[in-house]
Amino acid sequence: MKKILLIIVLCLSYMGIVAQQAAIWNETPAEKQERMAWWTHDRFGMFIHWGLYALPARHEWVKMHERMDDEAYQKYFDYFNPDLYDATEWARQAKAAGMKYVVLTVKHHEGFCLFDSQYTDYKVTNTPIGRDLVKEYVEALRAEGLKVGFYYSLIDWHHPDFTVDRIHPLRTDDAKQLKALNKERDMAKYREYLHNQVREILTNYGQIDILWLDYSYPGNNGKGRDDWHSVELLKMVRQLQPGILVNDRLDLKDVKGGWDFTTPEQFKPSKWVEIDGERVPWETCQTFSGSWGYYRDEHTWKDAKQLLVLLIESVSKGGNLLLNVGPTARGVFDYRAQERLKAMGQWMTFNDRAIYGCTQAPEQYSVPAHTILTYNASTHRLYIHLVDYPMGDLILPGYEGKIAYAQLLHDGSEIKMSTRRHGYGPAHEQNIKGNIVLKLPVVKPLSEIPVIELILTN
């Protein structure tokens with residue numbers, strides 16, 4: 001009898017968990033698609049990592065990497081005075097680069113808040129700058145017609161109740177020392193603080209379009225959904241901002257409604273990202289160099305072409321690109337970031353319709369060598385991105401009968417089409433049934449990556 005009762009209790013408990021998980025967000029696939037439609041269309045956003053770590057200027061995890069305690073790190077709070085900060089200029093640079101949304105670290109792992117929180121003194125209004133910089137950021141983005149995103153760290157290396165774990169600045173492998181460090185710390189109190197601040201940022205600044213919650217690391221001496229009370233936290237988020245998009249770092253990947261898009265970091269997926277065999281919305285977050293925060297002496301910066309390929313490759317596989325900028329301690333974008341943003345903006349000015357509203361091309365269109373394809377289902381146009389510019393002819397295998405018109409996108413100039421390639425060589429190289437030959441100008445257009453726009457027949 002006891003065994004039967006135990007089984008009943010376990011079953012009811014399991015059913016309760018499933019019901020709780022299923023109730024996070026009641027939404028049909030069509031409703032989710034509609035809610036995410038702007039994000040899927042826009043494809044390109046800016047990430048901004050900014051905090052006290054801009055002063056040491058040697059990685060946003062400097063407090064952890066150098067094992068600084070709060071006393072050693074305090075000088076950066078005392079001297080935080082970004083006197084050149086101009087949120088309007090940030091927004092204008094993002095927009096000029098072709099970005100449609102921006103996500104700012106309102107609090108990173110160091111625990112410092114760029115907003116005027118009522119729950120802590122460790123905030124920007126208590127530094128020499130003395131202003132709510134998040135408020136200015138939100139207003140500037142809205143003025144430029146950009147979507148507003150917040151990044152909020154689940155981790156907090158400054159809060160006295162956040163327990164020391166394997167990635168904490170005070171970390172230790174000695175079990176006795178770890179127990180002593182955590183003796184007076186209470187994660188329940190920290191959870192309350194976390195939930196209060198998330199409620200605060202989603203209440204005080206109007207409509208927020210994206211929320212990045214970062215990140216979970218369950219397992220030995222780590223933290224996951226139980227530490228954050230992720231289910232309750234996400235329910236609150238959905239209630240406060242029903243239209244918001246939320247990333248996948250709450251450790252709720254296996255929970256229906258527990259996330260909106262997945263976030264591969266610092267690498268290019270080789271295909272449309274799938275989970276359990278199903279394609280999912282995804283966004284890769286990438287840095288210009290190797291760090292997210294401002295790193296003065298880092299020199300591994302990607303060039304404009306590499307960054308454009310990142311963007312085009314992401315869209316060609318159904319994804320978005322969130323490209324990061326780490327402003328300086330004075331509050332301006334690093335000159336190297338400004339140079340690359342300008343170069344990307346110049347390309348986007350003439351080629352943005354090969355990005356916005358585009359996705360992976362249907363399988364019936366083969367990918368010519370040294371090119372990347374994107375496709376707009378609404379306009380029924382295919383875009384061939386010439387990563388390596390060909391010498392004269394571009395052969396499109398199996399495209400015969402599929403193209404109504406071809407043009408270079410940057411200037412709208414016609415490209416002549418033929419089913420025959422003229423010149424010397426074996427006959428089968430000159431005329432292969434079903435192929436289309438595009439007659440390109442010999443001189444490469446003045447564009448980092450020229451784009452061919454094909455208006456399709458059906």
Looking only at atom types and distance, does a side-chain atom of W301 sit under 3.5 Å from a main-chain N or O of F288, one as donor and one as acceptor? no
Side chains of Y151 and W50 in contact at under 4.5 Å (non-hydrogen atoms): no
Going by heavy atoms in the side chains, are R43 and N320 under 4.5 Å from each other? yes
Assign the ring pair Y295 / H59 to parallel, tilted or perpendicular, where the plane angle (0 to 90°) is split at 30° and 60°. perpendicular
Test your reading of the model: is there a side-chain donor-acceptor pair from Q286 to the backbone of F267, 3.5 Å cut-off? yes
Going through the distances and angles, do F112 and F80 end up as a ring pair (Phe, Tyr, Trp, His ring centres under 6.0 Å)? CA-CA 11 Å; F112 174 67; F80 185 74; 5.3 Å; yes
Compare all side-chain heavy atoms of D209 with those of Y101 and state whether any distance is below 4.5 angstrom. no
Any salt bridge linking D156 with K107? Criterion: basic side-chain nitrogen under 4.0 Å from a carboxylate oxygen. yes
Would you kindly say whether Y335 and E339 are connected by a side-chain donor-acceptor distance under 3.5 Å? no
Kindly say whether P264 contributes a backbone atom to a donor-acceptor pair with the side chain of T284 at under 3.5 angstrom? yes
SB check R238 E27 (cutoff 4.0 Å): no
Just wondering, do K147 and W39 contact through their side chains at under 4.5 Å, heavy atoms? no
When you measure from the side chain of R67 to the backbone of R171, do you find a donor-acceptor pair of N or O atoms at a distance under 3.5 Å? yes
Could you tell me if the side chain of Y383 sits less than 4.5 Å from the side chain of I312, heavy atoms only? no
Ring pair (Phe, Tyr, Trp, His ring centres under 6.0 Å) assessment of Y53 paired with W61: CA-CA 8 Å; Y53 44 81; W61 280 47; over 10 Å; no
Is it the case that the side chain of S291 and the backbone of G293 share a donor-acceptor pair, with hydrogens and angles ignored and the cut-off at 3.5 Å? no
Do the side chains of R336 and D334 get close enough for a salt bridge, i.e. N-O under 4.0 angstrom? yes
If only atom types and distance count, is the side chain of Q306 paired as donor or acceptor with the main-chain N or O of D303 below 3.5 Å? yes
Check: R185 side chain, V164 main-chain N or O, donor-acceptor pair, under 3.5 Å: no
Under-4.0 Å salt bridge between E31 and R35: no
Does one side chain, of T163 or N182, offer a donor that lies under 3.5 Å from an acceptor on the other? no
Under 4.0 Å between a side-chain nitrogen and a carboxylate oxygen: does that hold for E110 and K63? no
Indicate the ring-plane relationship of F47 and H49, choosing parallel, tilted or perpendicular according to the 30° and 60° boundaries. perpendicular
When you measure from the side chain of N81 to the backbone N and O of T127, does any donor-acceptor pair fall under 3.5 Å? no
Under 3.5 Å, is there a donor-acceptor pair between the side chain of K123 and the main chain of D132? no
Can you check whether D165 reaches Y217 side chain to side chain, under 4.5 Å on heavy atoms? yes
When you check the gap from the basic side-chain N to the acidic O, do D297 and R58 get nearer than 4.0 Å? no
Test log, rule side-chain contact (heavy atoms from CB on, under 4.5 Å), inputs K223 and L154: CA-CA 10 Å; K223 291 184 174 68; L154 301 169; over 6 Å; no
Is there a donor in the side chain of Q197 and an acceptor in the side chain of Y152, or the other way round, less than 3.5 Å apart? yes
Given 3.5 Å as the limit, does a donor-acceptor pair link the side chain of S230 with the main chain of L250, or not? yes
List the steps and the verdict of side-chain contact (heavy atoms from CB on, under 4.5 Å) for R191 and D161. CA-CA 9 Å; R191 270 195 303 273; D161 285 307; over 6 Å; no
With under 30° as parallel and over 60° as perpendicular, where do the rings of F162 and H168 fit, or are they tilted in between? parallel
